[in-house]
Amino acid sequence: MKFRLEKTDKHTNARCGTIFTDHGEIETPIFMPVGTLGSVKALHIRELKDDVNADIILGNTYHLYLRPGTEVLEQAGGLHKFNGWDRPILTDSGGFQVFSLAENRKLTEQGATFRSHIDGSKHIFTPENVMDIQRSIGADIIMAFDECPPGDSDYRYAKDSLDLTHRWLDRCIKRFDQTEPKYGYSQSLFPIVQGCVYKDLRERSAEYMVSKDRDGYAIGGLAVGEPTEDMYAMIEVVNKILPQDKPRYLMGVGTPVNILEGISRGIDMFDCVMPTRNGRNGMLFTSEGTINIKNKKWDRDFSPVDPNGTSFVDHEYSKAYLRHLIKSNELLALQICSIHNLGFYLWLARESRRRIKDGSFSAWKDNMVKKLGRRL
RNA sequence: GGGGAGAUACCAAAGUGGCCAACUGGGGCGGACUGUAACUCCGCUGACUUAUGUCUUCGUAGGUUCGAAUCCUGCUCUCCCCA
């Protein structure tokens with residue numbers, strides 16, 4: 001995997017570039033739809049490609065390991081062959097799942113033990129087996145196994161957690177570098193900067209990650225309960241240290257405003273469940289603000305779902321019809337909402353890229369941030 | 001014609017003397033959701049009120065009782081079975 005930095009904004013730290021993988025190019029800034037179980041919920045690959053126009057999607061180590069399991073994935077020839085997606089894939093390591101399944105987890109130096117949410121069976125993740133599993137899944141970009149502490153962790157906990165994440169990273173890298181890809185194309189391992197909301201920890205973590213000289217770097221442990229301003233501050237702290245010539249991935253973030261603020265602070269890659277999950281729950285993101293399509297006020301609004309939208313669902317369906325579908329529990333509603341939201345997120349990333357290129361990003365972004373926070 | 005059962009809030013359905021403005025579903029209204037255990041979760045849903053509270057409700061008209069959705073009587077309506 002290679003990254004080419006193409007332009008940096010004059011007024012902000014925003015930048016654009018291209019990531020080259022064996023499954024194709026990714027133009028940054030980019031938003032990556034989340035496809036936890038090997039599928040972006042409610043969408044066909046055709047819609048992802050032709051309508052949403054996603055360059056890369058995510059998969060999740062934790063979920064895919066539990067089901068269908070690495071044997072099936074290996075027999076299939078990797079996740080790309082299994083799900084038919086021939087563009088790049090990134091897999092998360094499962095570190096976040098260990099955090100979000102807090103009741104069942106147990107962290108030790110060796111790794112994390114947890115119980116399957118499917119059948120209650122006991123499992124262990126270690127830096128080594130998480131690398132092996134991600135080799136079997138075969139994503140183009142794979143993530144280090146980290147601990148993701150809660151946003152309100154105290155300094156002591158944050159520091160111990162960070163040290164553990166760093167020791168685990170060394171083991172991840174060792175195992176990764178000792179093993180080969182299984183399907184004939186290359187994979188890249190991204191370390192994950194942690195450190196909660198503590199500046200010195202974040203700086204130390206970023207410096208440690210950079211010393212490992214990998215193809216790209218992720219910032220994790222943000223948008224996990226800490227104030228938004230703290231999140232922005234941490235991004236700034238970390239991005240001062242991360243190298244210019246490598247992509248930076250802000251994990252799990254976020255709202256459209258979060259993404260614009262992230263871009264203007266030098267983030268290149270984002271992922272978030274928000275467009276799909278919130279979409280399935282009736283929340284639509286538009287360039288004018290946020291809509292709860294379930295609200296009664298839309299029941300006779302026959303205007304298009306989003307007149308400014310880029311996907312066909314935005315023009316083919318009306319708000320009133322979409323409201324009717326979601327109130328009636330029709331599956332089509334989930335599809336329309338998900339396509340719309342992903343289309344919007346991808347548009348937001350592409351428009352940012354275009355604006356960075358032509359020099360109009362800063363003013364446009366300030367104006368967009370004002371509009372995007374609105375509730376319609 | 002004979003026999004039986006029942007009428008409770010938007011719908012369905014508990015409740016058979018005080019803890020009942022009334023369980024529980026559904027529907028309705030609103031909210032939440034940030035590296036997806038999520039077509040999920042959480043509120044509200046008689047009226048007025050921020051709330052305490054006050055007022056009006058369990059087919060209908062009376063009655064018994066300190067007290068009635070609950071007991072008694074009349075009326076109205078609905079359903080089932082047999083002819």
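We find that CG of A/Leu342 is positioned 14 Å from P of B/U36, with the value rounded to whole Å. Between the CG atom of A/Leu322 and the P atom of B/C39 there is a distance of 17 Å, given to the nearest Å. Between the CD atom of A/Gln335 and the C1' atom of B/C39 there is a distance of 12 Å, given to the nearest Å. A/Leu334 has its CG atom 4 Å from the C1' atom of B/C39, to the nearest Å. A/Ile141 places its CD1 atom 18 Å from the P atom of B/G35, with the value rounded to the nearest Å. We find that CZ of A/Phe270 is positioned 14 Å from P of B/G35, with the value rounded to whole Å. Atom C1' of nucleotide B/G35 and atom CG of A/Leu64 are separated by 14 Å, given to the nearest angstrom.
Both distances falling under 3.5 Å, in either a Watson-Crick or a G-U wobble arrangement, place B/U40 opposite B/A32. The nucleotide B/G27 finds its pairing partner in B/U45, both defining distances of the Watson-Crick or G-U wobble pair being shorter than 3.5 Å. Of the nucleotides present, B/U78 is the one that pairs with B/A5 by Watson-Crick or G-U wobble criteria, both distances under 3.5 Å. Taking a pair to require two hydrogen-bonding distances under 3.5 Å in either a Watson-Crick or a G-U wobble arrangement, B/A21 remains unpaired. In this structure, B/U56 makes no Watson-Crick or G-U wobble pair, since no nucleotide meets both defining distances under 3.5 angstrom. Across every strand in view, B/C71 sits in a pair with B/G63 that passes the Watson-Crick or G-U test at under 3.5 angstrom.
Looking at heavy-atom distances under 4.0 Å, A/Thr276 makes contact with a base. Residue contacts for A/Gly221: at a heavy-atom cut-off of 4.0 Å it reaches a base atom on one of the strands shown. Contacts of A/Ile192 with the nucleic acid, taken as non-hydrogen atoms under 4.0 Å apart, include base atoms. At a threshold of 4.0 angstrom between heavy atoms, the contacts of A/Glu226 with the nucleic acid are absent. Among the protein residues, A/Leu37 comes within range of no part of the nucleic acid, since none of its heavy atoms lies under 4.0 Å from any strand.
The phosphate of B/A37 (OP1 or OP2) has a side-chain N or O of A/Ser100 nearer than 4.0 angstrom. Distances shorter than 4.0 Å separate none of the side-chain N or O atoms of A/Gln97 from OP1 or OP2 on B/G35.
B/U60 and B/U70 have their P atoms separated by 11 Å, with the value rounded to a whole Å. Comparing the C1' positions of B/C23 and B/G15 gives an interatomic distance of 8 Å, to the nearest angstrom. Across B/G17 and B/A68, the matching P atoms stand 14 Å from one another, rounded to whole Å. For B/A69 and B/A83, the C1' atoms lie 37 Å apart once the distance is rounded to whole Å. Separation of the P atoms belonging to B/G43 and B/C75 is 48 Å when rounded to the nearest angstrom. Separation of the P atoms belonging to B/G46 and B/A22 is 9 Å when rounded to the nearest angstrom. The gap from the P atom of B/G63 to that of B/U57 amounts to 15 Å, rounded to the nearest Å. Taking the P atom of each, B/A9 and B/G59 are spaced 8 Å apart, rounded to whole Å.
Listed here is the closest heavy atom pair of A/Asn83 and A/Gly38: ND2-O, 3.0 Å.
A cation-pi arrangement is absent between A/Arg171 and A/Phe145 under the rule of less than 6.0 angstrom and at most 45 degrees off the ring axis. The cationic group of A/Arg4 does not satisfy the cation-pi geometry with A/Phe20, failing either the under 6.0 Å distance to the six-membered ring centre or the 45° limit from the ring axis.
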(message) For nucleotides 26-34 of chain B, give me one character per nucleotide, 5' to 3': B if any protein heavy atom sits under 4.0 Å from the base, S if the only such contacts are to the sugar-phosphate, - if neither.
(response) --SSSSBBB

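Of the candidates B/U36, B/A37, B/G35, the closest approach to any side-chain atom of A/Asn60 belongs to B/U36.
Looking at which nucleotide of RNA chain B each of A/Arg280 and A/Asp146 is closest to, the 5′-most match is held by A/Asp146.
More than 12 non-hydrogen atoms from other residues, nucleotides or ligands lie less than 6.0 angstrom from NZ of A/Lys371. The number of heavy atoms from other shown groups lying within 6.0 Å of CD (A/Gln110) does not exceed 12. Other residues, nucleotides and ligands place more than 12 heavy atoms under 6.0 Å from the NE2 atom of A/His315.
The ring of A/Phe96 has its center no closer than 6.0 angstrom to the ring center of A/Tyr62.
A/Lys7 contributes a side-chain N or O that, together with a main-chain N or O of A/Lys357, makes up a donor-acceptor pair within less than 3.5 Å. Side chain of A/Ser311 to backbone of A/Asp314: no donor-acceptor contact under 3.5 angstrom is found.
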